[in-house]
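What you see is a predicted model; the values in this text were computed from it and never measured. Below, each value reflects all heavy atoms present in this structure, side chains not excepted, and no hydrogens, waters or symmetry copies.
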Amino acid sequence: MRYPRGYRVRRRGYPIQHLAGPDASRSEVWAAYERWQTGQKVKNSTVNDLIDLYFASPQYTKHLKPSTQRDYERYSKRIRKVFGEMDPDNITSPIIQMFLDARGAEHPTAANREKTFLGIIMTWGKSRGLVNISNPCDAVKPMPENPGGRYVEDWEYDAFWEFLGAKGHLMHQCAMEIAYLCAARQQDVLALSTEHIQEEGLLIVQAKTGKQQIKLWSPRLKDAVEMALSTNTQTKVQTSHILRGRTGRGYTRTGFNAVWQREQRAALESGAIKKRFRFHDLKIKAISDFEGDTQRFSGHKTRSMAERYNRTPDRVDTLTKTRIGTRDWHHKSKNEKTPH
């Protein structure tokens, strides 16, 4: 296309490129365009190039949450290592299946996430003319995954909660209570501020899905929030976070987890607990302990996802059909031996 400085090319997925000056002939413009097109074919011929273009696109930089971006960057490392030098058009479903079989033998969850990421960039490239084939990931079924995590028994929860209190980690105690009582993720608990304290309850905003829930007040939840607000009130810096570190600022996930992991190890060594558990396992415990609509309580989009967290065995009735026959176990002869 022509513009005041001459001729340039604009193509979706590519940066705008100046081709020739305003006085260039038609043949010179076409020659410049052909050189540009040849260069682009070479430049964008590998999966590595496709990933780079995707990471530079608004679909990634503007439309994805920072946590999702970090996940994609982590998944891309394995994809670059295995597929990075390949032409996207040469990737087939059998090749992806071989990757999934090899990677998934030890790390099925990671393999599934990495395959999903590869599918995302292939679809993104296809819609922009950078990939010519249909998405080969669509024909490959994900590996079976173990739910992960475990149910924390009441005595384990209480023992570690008391252990944290004895060590002076009141904020971590409050975080445990809020996470458990609200079935909330760690990042959502750490993000809580005084603005989330409502008259009816505590507003939980799920960073992962955008779902908002007001968790109605219970005496135990109110005690946890009030305890957190009354702690570390003398520090010079006072942020609006409900959970604050010794400096008065909100916790980073790294800083919070460093204390959690250290005290879990210490509690295990002291015999206070018999097995370590993750902070995220508190959500498993919450959903398992809840008596009611677990999907509504947890805020999951689907019931199947909520049930993945529910580790409580189903309680079902036994069969009560009357046995056909004249003999009954209660009327056995005293002399009749029980068969082995």
Asker: Within the 3.5 Å criterion, strictly below it, is a donor on T109 or N112 matched to an acceptor on the partner's side chain?
Answerer: no

Asker: In Å, rounded to the nearest 0.5 Å, how long is the span from CD1 of I121 to NZ of K126?
Answerer: 15.0 Å

Asker: Side chains of R244 and Q238: does their closest heavy-atom pair fall under 4.5 Å?
Answerer: yes

Asker: Can you tell me how far apart CG (N48) and CE (M86) are? Round to the nearest 0.5 Å.
Answerer: 12.0 Å

Asker: Enter the distance from N90:CG to T46:OG1 here, rounded to the nearest 0.5 Å.
Answerer: 11.5 Å

Asker: My understanding is that only residues two or more places apart in sequence, or in another chain, count here; which of them pass ring pair (Phe, Tyr, Trp, His ring centres under 6.0 Å) with F279?
Answerer: F256, W260

Asker: Any donor-acceptor pair under 3.5 Å linking the side chain of D281 with the backbone of I284?
Answerer: no

Asker: Looking at residues at least two apart in the chain, or sitting in another chain, which of them share a side chain to side chain donor-acceptor pair (under 3.5 Å) with D71?
Answerer: R74

Asker: Tell me whether the guanidinium CZ or amine NZ of K215 lies under 6.0 angstrom from the six-membered ring centre of F297 and within 45° of its axis.
Answerer: yes

Asker: Salt bridge (Lys or Arg N to Asp or Glu O under 4.0 Å): which pairs involve residues 257-276, sequence neighbours left out?
Answerer: K167-E263

Asker: Between I120 and T123, does the side-chain contact (heavy atoms from CB on, under 4.5 Å) criterion hold? Intermediate values first, please.
Answerer: CA-CA 5 Å; I120 289 171; T123 299; over 6 Å; no

Asker: Could you tell me whether a side-chain N or O of N135 sits under 3.5 Å from a main-chain N or O of G119, the two making a donor and an acceptor?
Answerer: yes

Asker: For residues 184-193, run the donor-acceptor check on the side chains, cut-off 3.5 Å, and write out each pair with its distance to 0.1 Å, sequence neighbours left out.
Answerer:
unit_1	atom_1	unit_2	atom_2	d
R185	NH1	Q206	OE1	3.2
Q186	OE1	R253	NE	3.2
Q186	NE2	N257	OD1	2.6
D188	OD1	A207	N	2.9
S193	OG	E195	N	3.3
S193	OG	H196	ND1	3.3

Asker: Report the residues that fulfil side chain to side chain donor-acceptor pair (under 3.5 Å) with T239, sequence neighbours left out, ordered by chain and then residue number.
Answerer: H241

Asker: Going by side chain to side chain contact (heavy atoms under 4.5 Å, CB included), C174 matches just one of T231, L243, L164. Which one?
Answerer: L243

Asker: Return the minimal non-hydrogen interatomic distance between D154 and D289, and the atom names on each side.
Answerer: OD1-OD2, 4.1 Å

Asker: How many angstroms lie between atom CE of M122 and atom OH of Y54, to the nearest 0.5 angstrom?
Answerer: 14.0 Å

Asker: Holding to side chain to side chain donor-acceptor pair (under 3.5 Å), I want the full list of residues that pass it with H107, two or more places apart in sequence or in another chain.
Answerer: none

Asker: Is I197 close to L202 at the side-chain level, that is, under 4.5 Å between some pair of heavy atoms?
Answerer: yes

Asker: Nearest 0.5 Å, please: how far is NZ in K141 from OG in S93?
Answerer: 13.0 Å

Asker: For residues 96-106, please give each side-chain donor-acceptor pair under 3.5 Å, one per line with the distance, not counting sequence neighbours.
Answerer:
unit_1	atom_1	unit_2	atom_2	d
Q97	NE2	D101	OD1	3.0
R103	NE	E114	OE1	3.0
R103	NH2	E114	OE2	2.8

Asker: If hydrophobic residues (ILVMFWY) are linked whenever their side-chain heavy atoms come closer than 4.5 Å, directly or via other members, who joins M227 in its cluster?
Answerer: none

Asker: Per the ring pair (Phe, Tyr, Trp, His ring centres under 6.0 Å) rule, which among W124, F83, Y72 passes with F117?
Answerer: Y72

Asker: Under 4.5 Å between side-chain heavy atoms, hopping through other hydrophobics if needed: is there a path connecting M176 to L170?
Answerer: no

Asker: Let's go through L50 and L130 carefully: what are the C-alpha distance in whole Å and the side-chain angles of both, what is the deciding distance for side-chain contact (heavy atoms from CB on, under 4.5 Å) to 0.1 Å, and is it a yes or a no?
Answerer: CA-CA 8 Å; L50 189 62; L130 305 175; 4.0 Å; yes

Asker: Do the side chains of V259 and W161 join up, straight or via other hydrophobic residues, at under 4.5 Å, putting them in one cluster?
Answerer: no

Asker: Tell me which pairs pass ring pair (Phe, Tyr, Trp, His ring centres under 6.0 Å) where either residue lies in residues 125-157, with sequence neighbours left out.
Answerer: Y157-Y180

Asker: Output yes when a side-chain donor or acceptor of E73 lies under 3.5 Å from a complementary backbone atom of T68, and no otherwise.
Answerer: no

Asker: Are Y75 and L53 connected in a single hydrophobic cluster, I mean Ile/Leu/Val/Met/Phe/Trp/Tyr linked by side-chain heavy atoms less than 4.5 Å apart?
Answerer: yes

Asker: If I compare all heavy atoms of A272 with all of A159, which pair ends up nearest, and what's the gap?
Answerer: O-CB, 3.5 Å

Asker: Assess whether side-chain contact (heavy atoms from CB on, under 4.5 Å) is satisfied between D87 and V47, documenting all intermediate values.
Answerer: CA-CA 6 Å; D87 186 326; V47 172; over 6 Å; no

Asker: To the nearest 0.5 Å, tell me how far I133 CD1 sits from D89 CG.
Answerer: 5.5 Å

Asker: Show which residues join L216 in its hydrophobic cluster (side-chain heavy-atom contacts under 4.5 Å, direct or indirect), or state none.
Answerer: L203, V205, I214

Asker: Following the transitive rule for hydrophobic clusters with a side-chain heavy-atom cut-off under 4.5 Å over Ile, Leu, Val, Met, Phe, Trp and Tyr, establish whether L181 and M171 coincide in one cluster.
Answerer: yes

Asker: According to a hydrophobic-cluster definition based on side-chain heavy atoms being under 4.5 Å apart (Ile, Leu, Val, Met, Phe, Trp, Tyr only), do F290 and L221 belong together?
Answerer: no

Asker: So, T254 and T252: side-chain donor and acceptor under 3.5 Å apart, yes or no?
Answerer: no

Asker: How are the rings of F163 and F160 set to each other: parallel, tilted or perpendicular (split at 30° and 60°)?
Answerer: parallel

Asker: Considering residues at least two apart in sequence or located in another chain, which fulfil the side chain to side chain donor-acceptor pair (under 3.5 Å) criterion with R150?
Answerer: E156

Asker: Going by side chain to side chain donor-acceptor pair (under 3.5 Å), name the pairs with one or both residues in residues 220-229, residues two or more places apart or in two chains.
Answerer: E177-R220

Asker: So, the side chain of K115 versus the backbone of V140: is there a donor-acceptor pair under 3.5 Å, distance only?
Answerer: yes

Asker: Mind running side-chain contact (heavy atoms from CB on, under 4.5 Å) on F277 and Q264 for me, showing each step along the way?
Answerer: CA-CA 8 Å; F277 57 88; Q264 278 273 307; 3.6 Å; yes

